[in-house]
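Report on one structure; see the data block that follows.
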Amino acid sequence: VRRLITENVSCLHDYSLQTNQMKAIEQAELVVISGAGLEEFLEDALNRVQHIADASEGLHLEESHHHDHGQEAGHVHEEDPHIWLSPENAKAMAKNICEHLISLYPQHRKVLENNLLQLLKDLDTLQLYGEEKLADLSSRDLITFHDGFTYLAESFDLHIIRAVEEESGSEASAAELIHLITIVNDHDLPAIFTEKSGSVSAAGIIARETGCSSFAL
């Protein structure tokens, strides 16, 4: 088993495959994808693959809501492909992958099914852990700087007020920053959240102006 992408990238939507990755795909007996439109960059490469396991099969996709600060229109509505951030979705994805593996390697059915059962138990434990740790939050409202946490929020009864798509070289405008600062103050948010590999420019300004904490997810 080989993980195709090992780099720490903020967004896969504009990812370009390297030569060694193309070779790995061509040599693979099975390629497992998260699905739900996340791996659009693989579309041409997957035409050469005999067996593909789409982990998103049968899953309901939620609509994401992000504010494009570069357009006058405001909110953009798309389906959120970050399905694995819900433990329940992760369980469904694991079952899909297991079914594909069994179809290719029926001689290993027992091992695969036992491994799946253990993983499902681990994911149930993770759900309970999250519920317990987040039970006493002073605020359940969130501002995030990547529109990828719809399913995480739903799983733990959190509410995303604003999801801002910000990349290095395309930071939020002054007007957007003022609006975000107003939201933080109006909702008395104790924290905002960025991605470790994403831009933190706006988050830093908001944290300084409002006194809230900034955390990398």
Side-chain angles (χ1 to χ4, degrees), residues 1-71 76-105 108 112 115-116 119 122-123 144-152 163-172 193-203 216-217:
V1 177
R2 175 177 175 182
R3 187 156 63 99
L4 187 64
I5 299 171
T6 57
E7 303 99 308
N8 186 20
V9 293
S10 176
C11 183
L12 288 174
H13 302 294
D14 300 319
Y15 190 83
S16 296
L17 288 170
Q18 301 171 15
T19 303
N20 63 323
Q21 293 169 324
M22 289 292 296
K23 290 180 179 178
I25 292 172
E26 292 172 359
Q27 295 167 0
E29 295 178 356
L30 171 70
V31 173
V32 179
I33 63 172
S34 179
L38 185 75
E39 296 100 341
E40 291 179 352
F41 65 93
L42 281 177
E43 186 174 345
D44 292 336
L46 291 180
N47 290 331
R48 312 176 193 182
V49 177
Q50 186 175 0
H51 299 289
I52 301 170
D54 184 341
S56 70
E57 289 177 356
L59 282 173
H60 171 71
L61 301 182
E62 297 291 346
E63 192 176 71
S64 62
H65 302 273
H66 74 262
H67 182 80
D68 187 344
H69 56 76
Q71 296 184 12
V76 179
H77 301 277
E78 300 172 346
E79 289 181 333
D80 187 350
H82 304 84
I83 50 178
W84 65 90
L85 291 179
S86 155
E88 280 300 314
N89 282 350
K91 288 167 63 177
M93 296 171 77
K95 291 175 184 177
N96 285 336
I97 295 169
C98 184
E99 288 177 5
H100 280 279
L101 289 171
I102 289 174
S103 68
L104 279 180
Y105 312 107
H108 299 300
L112 291 166
N115 288 346
L116 174 63
L119 178 55
D122 290 343
L123 289 168
T144 65
F145 283 82
H146 181 70
D147 190 23
F149 301 101
T150 304
Y151 304 98
L152 177 70
V164 183
E165 290 294 322
E166 181 181 63
E167 299 178 7
S168 181
S170 180
E171 283 78 15
F193 300 91
T194 63
E195 280 192 306
K196 288 183 178 179
S197 54
S199 174
V200 296
S201 174
L217 296 173

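Residues forming a side chain to side chain contact (heavy atoms under 4.5 Å, CB included) with P81 (at least two apart in sequence, or on another chain): H13, A36, L38. Looking at residues two or more places apart in sequence or on another chain, you find no ring-ring contact (aromatic ring centres under 6.0 Å, His included) involving F193. Applying the ring-ring contact (aromatic ring centres under 6.0 Å, His included) test to Y105 and every residue at least two apart in sequence or in another chain returns nothing. The side chain to side chain donor-acceptor pair (under 3.5 Å) test applied to D122 returns Q118, not counting sequence neighbours. Here L30 pairs with V32, H51, A53, L101, L104 under the side chain to side chain contact (heavy atoms under 4.5 Å, CB included) rule; sequence neighbours left out. For the side chain to side chain contact (heavy atoms under 4.5 Å, CB included) test, residues two or more places apart in sequence or in another chain that qualify with R2 are N20, A24. Checked against side chain to side chain donor-acceptor pair (under 3.5 Å), S201 has no partners two or more places apart in sequence or in another chain.
In this structure, I25 CD1 and L17 CG are separated by 5.0 Å, a value rounded to the nearest 0.5 Å. Between E7 atom CD and Q18 atom CD the span is 5.0 Å, to the nearest 0.5 Å.
Between V31 and L4, the closest side-chain pair of non-hydrogen atoms is not below 4.5 Å. In this structure, V49 and L42 have side chains that are not in contact, with every pair of non-hydrogen atoms separated by 4.5 Å or more. Residues L59 and Y151 form no side-chain contact, since every pair of their non-hydrogen atoms from C-beta on lies 4.5 Å or further apart.
Nearest heavy atoms, D80 versus L61: O-CD2, 4.2 Å. Taking all atoms of both residues into account, the shortest heavy-atom contact from L123 to P87 is O-CB, 3.8 Å. Here the shortest heavy-atom pairing between F41 and Y15 reads CB-O, 3.2 Å. The minimum heavy-atom distance linking M22 with A45 is given by the pair SD-CB, 3.9 Å.
Within a 6.0 Å sphere centred on CD of Q50, heavy atoms belonging to other residues, nucleotides or ligands number 12 at most.
Note on residues 39-49: pairs passing salt bridge (charged side-chain N to carboxylate O under 4.0 Å, His left out), not counting sequence neighbours, are E26-R48. Contacts classified as ring-ring contact (aromatic ring centres under 6.0 Å, His included) and involving residues 19-38 (residues at least two apart or in different chains) are not found. Annotation: salt bridge (charged side-chain N to carboxylate O under 4.0 Å, His left out) contacts involving residues 15-24, sequence neighbours excluded, are absent.
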Give every donor-acceptor pair under 3.5 Å between a side-chain atom in residues 91-100 and any protein atom, sequence neighbours left out.
unit_1	atom_1	unit_2	atom_2	d
K91	NZ	E88	OE2	3.3
K91	NZ	D124	OD1	2.8
N96	ND2	A55	O	2.9
N96	ND2	E57	O	2.9

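Put simply, the side chain of N89 gets close to the backbone of I83: a donor and an acceptor are under 3.5 Å apart.
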Assess whether side-chain contact (heavy atoms from CB on, under 4.5 Å) is satisfied between T150 and H82, documenting all intermediate values. CA-CA 8 Å; T150 304; H82 304 84; over 6 Å; no

